[in-house]
Novice: 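My structure is below; once you've seen it, I'll send some questions.
In each ligand, atom 1 is the first atom listed, and ligand 1 is the first ligand listed. Side chains included, hydrogens not; waters and symmetry mates left out as well; all remaining heavy atoms used.
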Amino acid sequence: MAKEKFTFQAEVSKLLDIVARSLYSQKEIFLRELASNASDACDKLRYAALTDPSLNDGNTDFRIILGVDAKAKTLSIADNGIGMGHDELIETLGTIAKSGTEAFLAQANANAEADKKGKSKDKDTVSLIGQFGVGFYSAFMVASQVDVLTRKAGQEEAFLWSSDGKGEFTIEAAKRDTCGTTVTLHLNKEDKEYLDEPRISHIIKAHSDHIGIPIIFKDGEREETLNSASALWTLQKSEIKAEQYTEFYHHVGHAFDEPWLTLHNRVEGVMSYTNLLFIPTMAPFDLFTPERKGHVKLYVNRVFITEDCEGLLPPYLRFLRGIVDSEDLPLNISREMFQHDPRLAKIKTGLIKRVLGELKKKAEKKPEEYAPFWENFGAVLKEGIYEDQTNREKILEVSRFQTTTSETPRSLSDIVTDMKEGQDAIYYITGENLETVRQSPQLEGFRARGVEVLLMTDPVDEFWLPAVGSFEDKPFKSVTRGGADLDNIKEAKGADKDGKDKKKKDKKQAPGIDELIASLKISLGDAVKDVALSERLTDSPVCLVSGEGDMDIQLERMLKQHKQLNQSTPRILEINADHALIVKLAGLAKDGKGSSDELKDAAFLLLDQARLLEGEALSDVAEFARRMSSMMERGLA
Ligand code: ADP
């Protein structure tokens with residue numbers, strides 16, 4: 001076979017570029033990444049050999065061997081794991097299949113731009129890379145060339161992959177006595193420290209001590225095991241230091257941050273298992289990709305079975321990292337079968353209970369610590385409210401919400417406790433972001449009465465709210481829906497008490513309001529469902545609301561964005577009878593003074609204004625501009 005030449009997938013080249021330029025302070029983690037890969041490869045072979053013992057000729061003595069060649073300035077990491085075939089090499093070391101890559105590259109790019117312009121960045125590139133996890137490609141932080149000699153278990157031929165990380169790699173036929181992989185790094189001049197045994201030993205101790213497979217430094221005939229090679233989760237909690245947990249988290253989660261929460265338990269019962277689970281401090285990049293992949297590794301009696309086992313944890317807990325190890329699961333069934341095994345379902349139930357229980361403790365006892373967790377993962381957890389009916393209540397208990405009356409996120413039970421006299425629903429408004437929803441005119445009447453309104457800005461809110469319907473017997477009700485019943489609620493203390501409420505009842509309606517409503521209805525025709533007087537407006541002249549049975553405005557917009565809907569439901573245009581503009585228009589309508597053209601222009605301008613406030617695009621921008629100019633002209637005359 002002649003030497004073949006390939007170009008990296010564009011994303012890989014970009015990634016390598018970023019990697020080569022940054023991470024200087026944490027370069028040494030390349031060794032942890034490569035040792036992790038080697039250990040994973042051994043785990044995979046151990047599992048495969050269960051069903052096909054010929055794959056490793058019964059050899060269960062897995063090991064990772066480190067060696068240096070001071071003259072050639074190379075460091076090598078060799079394993080006797082599963083190895084890679086020809087096509088697999090191209091696939092795994094030439095592309096990134098990882099979800100979230102696009103988001104990562106986009107943010108890294110934004111960082112580079114910010115650097116150029118001297119602007120501040122949301123997050124530094126180092127922690128970005130950490131969050132993403134660069135894996136194998138981190139080798140290029142210290143090496144000008146990387147060679148991968150590999151032979152797949154069960155195959156005779158071996159291959160040599162080689163690259164300088166500058167856009168291309170080559171593959172050629174090679175020889176390797178046994179299956180496994182040897183990664184050889186041709187170290188950069190400034191990275192020669194990684195030829196030094198004490199330095200290497202220190203890094204392994206610090207970052208890879210708990211890997212279940214021995215990591216051996218080999219110098220000629222001398223062999224020295226550098227790590228303790230015991231699976232961390234099998235040790236007693238009392239024997240484990242916080243640093244060891246962190247180190248294990250970094251290994252198992254391909255993470256760089258500190259764990260926000262560590263859950264290490266041994267459960268004995270119908271099913272016996274150990275879980276060592278972590279919740280990250282920083283949100284990983286793949287949280288919102290359609291695959292909703294899990295990242296908890298399943299072991300059976302210390303034999304690695306699979307990562308992302310569907311039946312182990314629900315997708316709404318996909319932010320968890322770590323391992324679950326059970327001796328009560330069968331080893332000899334296929335990975336696919338596992339997902340439907342009732343024994344696995346039992347473990348799943350136990351894990352969910354444990355995780356939600358711990359979250360509850362944190363949420364109630366340490367709200368300030370809980371807040372960043374909720375910020376990062378709340379939107380994911382909320383998927384469980386409609387997907388997992390069994391645990392719905394528990395998830396609602398640990399859910400927190402931004403509201404119109406509080407700086408800090410609030411729990412539903414607090415919100416219900418603080419409801420106003422006469423308030424019989426939990427009010428919410430949905431929208432794309434906090435800034436826009438806070439400014440919605442629909443909130444005015446609620447603000448005036450001091451009624452707390454939940455600000456829902458996660459897309460998932462559109463789904464769980466209708467599914468749940470109520471909390472502690474209080475129905476959830478959108479403020480953008482008809483019939484807001486505001487008159488039943490007393491005015492806020494701060495507001496002019498015997499002012500507005502009384503005024504509203506006693507005050508005579510401005511003359512011409514009925515005529516104005518009639519005129520608006522005629523002018524707008526099918527563009528609106530109805531025109532009505534508003535209870536919820538205090539400052540703005542108009543707003544749009546949905547009819548009782550109609551689709552919520554925000555949901556409709558979302559479905560349209562995803563092309564699942566192409567028609568708009570006409571809305572109800574509500575007018576504020578106290579607003580000076582409306583009063584004036586009513587006067588015109590009453591006297592029959594306004595030419596019908598003038599009132600028609602006004603009608604559409606009011607509707608367009610309401611649409612703009614909703615964040616909607618105008619259907620006819622040219623008409624809008626024409627009406628606006630004509631109104632201004634008349635106003636100036
Ligand atoms: P990750 O480990 O997160 O999947 P990496 O970039 O570190 O990402 O590795 C990419 C893939 O290359 C691995 O998933 C694995 O399939 C393959 N690989 C890397 N190192 C080895 C190795 N020593 N033995 C076998 N396969 C390997």
Side-chain angles (χ1 to χ4, degrees), residues 6 8-9 11-16 18-19 23 29-49 55-56 62-67 75-101 104 129-141 143 146-155 158-163 165 169 171 174 176 178-185 207-208 211 213 215 249-256 284-286 289 291 293-297 304 306-308 321:
F6 301 88
F8 283 117
Q9 179 198 28
E11 285 83 348
V12 177
S13 288
K14 285 184 201 155
L15 176 70
L16 284 171
I18 297 165
V19 165
L23 254 187
I29 59 89
F30 79 90
L31 195 50
R32 174 189 85 205
E33 297 294 303
L34 296 180
S36 275
N37 281 348
S39 136
D40 288 350
C42 294
D43 275 348
K44 283 181 196 164
L45 180 54
R46 191 187 330 232
Y47 177 71
L55 281 180
N56 64 344
F62 290 107
R63 54 215 319 246
I64 299 166
I65 307 252
L66 306 183
L75 163 66
S76 63
I77 298 99
D79 64 67
N80 52 352
I82 191 117
M84 286 174 274
H86 176 269
D87 296 350
E88 211 179 340
L89 265 175
I90 302 173
E91 184 69 29
T92 54
L93 303 188
T95 61
I96 320 182
K98 204 166 170 156
S99 29
T101 306
F104 165 73
I129 292 178
Q131 240 176 314
F132 181 70
V134 282
F136 170 79
Y137 300 109
S138 61
F140 289 98
M141 292 191 299
V146 178
D147 299 331
V148 180
L149 173 63
T150 184
R151 180 175 149 188
K152 178 101 180 166
Q155 291 178 10
F159 299 95
L160 178 67
W161 178 103
S162 184
S163 177
F169 62 92
I171 295 180
R176 200 178 191 280
T178 56
C179 71
T181 302
T182 307
V183 178
T184 304
L185 309 180
H207 297 297
S208 310
I211 284 186
I213 289 165
I215 304 177
Y249 163 64
H250 286 168
H251 158 66
V252 76
H254 294 278
F256 286 63
F285 273 91
D286 64 351
T289 51
E291 300 88 0
K293 237 173 110 174
H295 293 283
V296 171
K297 293 182 170 178
F304 169 72
T306 178
E307 179 161 354
D308 180 29
R321 299 292 187 267

Novice: Between Asp40 and Lys297, is the closest basic N to carboxylate O distance under 4.0 Å?
Specialist: yes
Novice: For the residue pair Phe6 and Phe169, does the interplanar ring angle fall in the parallel (under 30°), tilted (30 to 60°) or perpendicular (over 60°) class?
Specialist: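 Plane angle under 30°, so parallel.
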Novice: Could you tell me whether a side-chain N or O of Arg176 sits under 3.5 Å from a main-chain N or O of Cys179, the two making a donor and an acceptor?
Specialist: yes
Novice: Just to confirm my output: which protein heavy-atom neighbour is closest to atom 25 (C) of ligand 1, and how far is it?
Specialist: Ala41 CB, 3.7 Å
Novice: Would Asn80 and Thr178 count as having a side-chain donor-acceptor pair, cut-off 3.5 Å?
Specialist: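 Their side chains do not contain a donor-acceptor pair, so the 3.5 Å distance test is not met.
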Novice: Minimum distance, heavy atoms only, to atom 20 (N) of ligand 1: which one of Ile82, Leu15, Asn37 is it?
Specialist: Asn37
Novice: What protein heavy atom is closest to atom 11 (C) of ligand 1, reported as residue, atom name and distance in Å?
Specialist: Thr92 CB, 3.7 Å
Novice: Classify the contact between Glu33 and ligand 1 as side chain, backbone, both or neither, using a heavy-atom distance cut-off of under 4.0 Å.
Specialist: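 Neither part.
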Novice: Please classify the Val183 to ligand 1 contact at 4.0 Å (heavy-atom distances, strictly less than): side chain, backbone, both or neither.
Specialist: neither
Novice: Could you grab the distance from atom CD of Glu33 to atom NE2 of His250, nearest 0.5 Å is fine?
Specialist: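 Rounded to the nearest 0.5 Å, the CD-NE2 separation comes out at 10.5 Å.
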Novice: Is at least one protein non-hydrogen atom found at under 4.0 angstrom from atom 13 (C) of ligand 1?
Specialist: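 No; the ligand atom in question lacks any protein heavy-atom contact below 4.0 Å.
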Novice: For ligand 1, which atoms, with element, lie under 4.0 Å from some heavy atom of Gly135?
Specialist: 7 (O)
Novice: Examine Asp79 against ligand 1 and note whether any of their N/O atoms are separated by less than 3.5 Å.
Specialist: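 Yes; the residue has a nitrogen or oxygen that sits under 3.5 Å from a nitrogen or oxygen of the ligand.
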Novice: Look at the rings of Phe104 and Phe285 and say which category their plane angle falls in: under 30° parallel, 30 to 60° tilted, over 60° perpendicular.
Specialist: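 Ring orientation, 0 to 90° scale: perpendicular.
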Novice: Would you indicate which of Glu88, Glu307, Met84 comes nearest to atom 21 (C) of ligand 1 when only heavy atoms are counted?
Specialist: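 Among Glu88, Glu307, Met84, the closest heavy atom to atom 21 (C) of ligand 1 comes from Met84.
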Novice: Go through the steps to decide whether Val148 and Thr181 satisfy the test side-chain contact (heavy atoms from CB on, under 4.5 Å), and finish with yes or no.
Specialist: CA-CA 7 Å; Val148 180; Thr181 302; 3.6 Å; yes
Novice: For atom 15 (C) of ligand 1, which protein heavy atom lies nearest, and how many Å away is it?
Specialist: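 Of the protein heavy atoms, Lys44 NZ, 4.2 Å lies nearest.
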Novice: May I ask you to check whether Thr184 and Ser76 show a side-chain donor-acceptor distance below 3.5 Å?
Specialist: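 Judged by distance alone, the side chains do not pair up.
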Novice: Is a donor on one side and an acceptor on the other found under 3.5 Å between the side chain of Thr92 and the backbone of Glu88?
Specialist: yes
Novice: Would you verify that at least one protein heavy atom lies under 4.0 Å from atom 7 (O) of ligand 1, or report that none does?
Specialist: yes
Novice: Would you say atom 4 (O) of ligand 1 has a protein heavy atom nearer than 4.0 Å?
Specialist: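 So atom 4 (O) of ligand 1 lacks protein heavy-atom neighbours under 4.0 Å.
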Novice: Short list, please: which atoms of ligand 1 are under 4.0 Å from a heavy atom of Phe136?
Specialist: 5 (P), 6 (O), 7 (O)
Novice: Heavy-atom contacts with Leu93 under 4.0 Å: which atoms of ligand 1 show up? List them by number with element.
Specialist: 12 (O)
